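Since the structure comes first, as structure tokens, the remarks are kept for the end.
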Number of protein chains: 2
Amino acid sequence: MNRRTHGTRERILDVGLDLVQRRGINGMSFQDLSDAVGIRKASVHHHFASKTDMVAALLDRYRTHFGREIRPILGSRKPAAAKLKTYFGLFADTLEQPGNDKGCLCGMLAAELLSLEAENVEQVRGFFRENYRFIEQILNEGRSDASLAFAGDTAAMARLVFSSLEGALLVARCDGGPRSMKATLQSLLGLLSPG
Amino acid sequence: MNRRTHGTRERILDVGLDLVQRRGINGMSFQDLSDAVGIRKASVHHHFASKTDMVAALLDRYRTHFGREIRPILGSRKPAAAKLKTYFGLFADTLEQPGNDKGCLCGMLAAELLSLEAENVEQVRGFFRENYRFIEQILNEGRSDASLAFAGDTAAMARLVFSSLEGALLVARCDGGPRSMKATLQSLLGLLSPG
DNA sequence: GTCTATATAGAGATAGAC
DNA sequence: GTCTATCTCTATATAGAC
């Protein structure tokens, strides 16, 4: 990270993202941010008055970055099944980061939902819904181009797919690691494949 | 809860289970236990020297109770698909408890895995593995009695099913609630059904 | 924008009386 | 088995100097 183009505020968010993905919101503190960034706790508070503010900024940035990752997937001319596989890879990649101990930011926060301010809860829900919509679109494409096959309602299936991704990350992070994660996602793709 | 047959230790565990399922391990304190049970913090420490001890007892009891719930399912003479549906119901029931805000005890702890002592981590893993084995057995039965149909490895599919259950609970607790949870589980049953 | 210093509250845990 | 009292540490957050 270049400190010229990457101000203190951004560096705090980098560290904050890492900490929340590993330890959860109740498992990290401003002192942890302070230690990792190399400035004092009071200086962290200068950038983010409260933990809620920090999490709000974290979620905001996370969702922006996430949007930049999924838009090109939708726009590509691959079959829907291939798009889905690419999308699944984003979740597998999370667990493959050093330590093999990172969860989905929003999955971690969803577990600690009752510790969050209403503002942050809405942001997490927004992320979830964005994902359902994205998956639903791919599922519809997949039925059209015949690269995917399944019975029943597309919206309900989209929720199931997203739930499975979040669950696979939660479970594999605890037991099995990236290998297990990939095998699980492969099984899910199998269930949605024709024939 | 009858206080004659239900000693203080058990009452602490009742409250502890409730608190961890709602708030997570880092979101609850011995003070919370003390308040809810109606004794002082020091008295809670008399029964459980540390938080790790309390969580160990919690997981021990949880797994025992869980075993008593799933054994009769396996022993019944229903088709495998019906057994699976009954098992799924255990997860749906969790979210239907008052408040609609309880998660799976082990799912919550899995999210906060890096805050746990190694002893507790192993207990959570043990619960997960017990579930994979249980599901795998039902999936094998389902292939035999033709009430279930799917391609690929049974062990990997069992992991996927369990991951989906944990994920469905995590996601529906945050967005959608019990109705959404049930619809999601229904979609999963659909994917595993023949025809 | 970062610092020192501090306020205030809560955490986990222990000693020892009853 | 429960209590009061206390220890020690850490948490979030703020005031005010540089």
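Since the model is a prediction, treat every value here as computed from it, not as a measurement.
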- Task: Send over the distance from A:Ile39 CD1 to C:dT4 P, rounded to a whole Å.
- Result: 12 Å
- Quick note, ring-ring contact (aromatic ring centres under 6.0 Å, His included) partners involving residues 93-112 of chain A, not counting sequence neighbours, are none
Could I get a table of every N or O pair under 3.5 Å where one atom is in the protein and the other is in nucleotides 9-12 of chain C?
residue : atom : partner : partner atom : Å
C:dA11  : OP1  : B:Ser29 : OG           : 2.7
C:dG12  : OP1  : B:Lys51 : NZ           : 2.9
C:dG12  : OP2  : B:Phe30 : N            : 3.0

- Item | side chain to side chain contact (heavy atoms under 4.5 Å, CB included) involving A:Pro178 - partner list, sequence neighbours excluded | A:Leu95, A:Glu96, A:Asn100
- Query: Linking I/L/V/M/F/W/Y whenever their side-chain heavy atoms sit closer than 4.5 Å, directly or via other members, would B:Tyr87 and B:Tyr132 fall into one cluster?
  - Reply: yes
- Item | Which residues share a side-chain hydrogen bond (donor to acceptor under 3.5 Å, both in side chains) with B:Ser34, sequence neighbours left out | none
- Item | DNA chain D: 5'-most and 3'-most nucleotides touching chain B, 4.0 angstrom heavy-atom criterion | D:dG1 to D:dT4
- Do B:Arg143's NZ or CZ and the ring of B:Phe150 fall within the cation-pi criteria of under 6.0 Å and 45°? yes
- Item | Spatial distance of atom CD1 (A:Ile39) from atom NE2 (A:His46) [nearest 0.5 Å] | 9.0 Å
- Value for OG (B:Ser187) from NZ (B:Lys182), rounded to nearest 0.5 Å, stands at 14.5 Å
- With sequence neighbours excluded, what pairs up with B:Phe88 under the ring pair (Phe, Tyr, Trp, His ring centres under 6.0 Å) test? none
